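Here is the structure we will look at.
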Amino acid sequence: MDQGPMENAFAAAATLARGDLVGLPTETVYGLGADATNAEAVAKIFAAKGRPHFNPLISHVVSLEAAEALGVFSPLARKLAEAFWPGPLSLVVPRQPDCAVCDLACAGLDTIALRVPSHPLMQEVLRAFGKPVAAPSANVSGRPSPTTADHVLAEFGDKLTLVLDGGPCAVGLESAVVAVIGDQATLLRLGGLSRVELEAVAGPLLAPDASSKAAPASPGMVLRHYAPRAPVRLNGTSAGSGEVMIGFGPGFDGADFNLSAAGDLVEAAAHLFSMLRAADALNPSAIVIATIPETGLGEAIADRLRRAAER
Ligand code: AMP
Ligand code: MG
């Protein structure tokens with residue numbers, strides 16, 4: 001049976017609701033989409049893309065109203081959203097305290113990247129799904145971004161249950177990324193909008209600056225990556241008195257937390273940021289973490305843990 005675009009949007013929403021990945025058309029590039037509120041689904045994105053570290057993903061929503069439930073919009077952020085949404089602009093704003101998007105999609109940051117895409121089929125998917133969709137470009141790490149459904153199939157083929165064909169992308173470039181904290185707007189990435197277009201609305205945009213915490217050079221670092229207050233000890237096997245243990249795999253029955261009792265790296269990635277926070281909240285003298293095998297997603301998990309252990 002040949003399905004029309006509407007049925008396809010409902011099929012995509014159902015696939016997302018099951019926690020599976022979908023190839024999705026947007027006006028910028030094709031996205032590899034997952035339910036942004038489901039950390040295990042988001043972990044599948046990182047596994048499929050084969051990234052060696054966790055970077056924050058853009059959460060796609062249907063409207064500015066939906067975005068404001070997730071992020072804190074200053075008057076300047078709202079002005080940019082009203083001028084360019086739906087469209088190729090991603091706004092990085094502070095997360096709402098009750099933000100439904102999982103920690104993994106935000107790479108543990110206290111900020112969130114949000115966008116309302118204009119592609120009609122993507123809008124149908126977002127309306128049918130009713131929740132935010134995390135979607136980085138649908139390419140294997142290090143390869144160019146896909147701008148047709150065939151590109152996505154060539155990248156991921158049978159790893160994806162569903163790729164929605166929305167035709168070739170109209171913009172064909174990633175979205176521009178602007179961080180807006182209060183009345184400070186920082187241009188993090190040029191893309192489908194030019195600096196001139198953005199500055200006509202926002203006024204002069206700050207450049208990322210390595211020496212500034214508000215606008216540092218690396219886009220992933222707008223606010224500092226979540227670092228536990230407690231010292232972190234890697235490759236531990238048990239917790240001493242006052243310490244908290246985060247295990248991995250079988251054999252950690254007595255541990256306070258286990259990233260995955262089954263030793264599943266996708267499950268471990270899904271639990272990583274929330275367990276670090278929960279362990280830290282116990283005010284331990286140290287957080288002891290079991291060895292993580294550095295294969296597949298384990299590489300990104302170990303990279304994040306090494307940075308948590310540096311002080
Ligand atoms: P992509 O999804 O592949 O188009 O890339 C997302 C872009 O948005 C990357 O440049 C990220 O570093 C940036 N980004 C997403 N979330 C944040 C955030 N919370 N803070 C800073 N940059 C972000
Ligand atoms: Mg990309």
Side-chain angles (χ1 to χ4, degrees), residues 21-34 36 42 44-46 48-61 67 70-73 77 80 87-96 99 101-117 119 122 132-147 151-152 155-156 169 171-182 184-193 198 205-210 212-227 273 300 303-304:
L21 303 182
V22 187
L24 292 167
T26 84
E27 72 278 21
T28 59
V29 302
Y30 272 74
L32 186 61
V42 171
K44 291 181 189 173
I45 293 180
F46 289 105
K49 285 186 63 99
R51 279 196 190 249
H53 56 264
F54 297 116
N55 61 323
L57 306 178
I58 297 164
S59 291
H60 296 75
V61 290
L70 304 171
V72 179
F73 281 67
L80 277 162
L89 172 66
S90 297
L91 289 170
V92 173
V93 297
R95 285 171 86 177
Q96 290 284 6
C99 177
V101 169
C102 66
D103 281 331
L104 182 59
C106 298
L109 296 168
D110 295 325
T111 52
I112 183 168
L114 292 159
R115 183 165 96 83
V116 177
H119 195 292
M122 180 66 171
V133 173
S137 51
N139 54 277
V140 173
S141 185
R143 291 175 41 84
S145 296
T147 53
H151 293 165
V152 181
E155 287 290 299
F156 297 109
C169 298
V171 176
L173 281 179
E174 284 85 355
S175 58
V177 182
V178 177
V180 188
I181 314 288
Q184 305 255 62
T186 304
L187 180 59
L188 298 181
R189 176 175 86 185
L190 273 172
L193 287 166
L198 291 164
L205 295 170
L206 302 173
D209 169 0
S212 143
K213 266 201 187 129
S218 159
M221 305 288 286
V222 164
L223 291 183
R224 280 192 319 121
H225 270 272
Y226 174 73
F273 291 104
D303 166 76
R304 187 65 190 80

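When a ligand or atom number is given, it counts from 1 through the structure's own listing order. Every value quoted in this text rests on a predicted model; they were computed, and no experiment measured them.
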Does Ser145 have any side-chain hydrogen bond (donor to acceptor under 3.5 Å, both in side chains) partners at least two apart in sequence or in another chain, and if so, which?
-> Glu174
Counting heavy atoms only, name the option from Ala105, Ala113, Cys106 that's nearest to atom 15 (C) of ligand 1.
-> Ala113
Determine, stepwise, if the pair Thr186 / Leu205 fulfils side chain to side chain contact (heavy atoms under 4.5 Å, CB included).
-> CA-CA 5 Å; Thr186 304; Leu205 295 170; over 6 Å; no
Name all residues meeting the side-chain hydrogen bond (donor to acceptor under 3.5 Å, both in side chains) criterion together with Ser90; count only those two or more places apart in sequence or in a different chain, and write none if there are none.
-> Ser175
For Thr111, counting its heavy atoms only, list the atoms of ligand 1 lying under 4.0 Å from any of them.
-> 18 (C), 19 (N), 20 (N)
Taking it one step at a time, do Tyr30 and Glu155 satisfy side chain to side chain contact (heavy atoms under 4.5 Å, CB included)?
-> CA-CA 11 Å; Tyr30 272 74; Glu155 287 290 299; over 6 Å; no
Could you pull out the closest heavy-atom pair between Ala77 and Phe73, with the gap in Å?
-> CB-CD2, 3.8 Å
Check step by step if salt bridge (Lys or Arg N to Asp or Glu O under 4.0 Å) holds for Glu27 and Arg115.
-> CA-CA 12 Å; Glu27 72 278 21; Arg115 183 165 96 83; 2.8 Å; yes
At distances under 2.8 Å, what protein N, O or S atoms surround the Mg ion (ligand 2)?
-> Ser137 OG
For Ile58, atoms of ligand 1 separated by under 4.0 Å from a heavy atom | 2 (O), 4 (O), 6 (C)
Say whether Arg189, considering both its backbone and side-chain N or O atoms, lies within less than 3.5 Å of an N or O atom on ligand 1.
-> yes
Show me the donor-acceptor pairs, under 3.5 Å and distance only, between side chains in residues 51-59 and residues at least two apart or in other chains.
from, atom 1, to, atom 2, distance (Å)
Arg51, NE, Asn55, OD1, 3.4

For the student: nearest non-hydrogen atoms of Asn139 and Lys49, plus distance = O-NZ, 3.1 Å
Under 4.0 Å from any heavy atom of Leu109, which atoms of ligand 1 are there?
-> 18 (C), 19 (N), 20 (N)
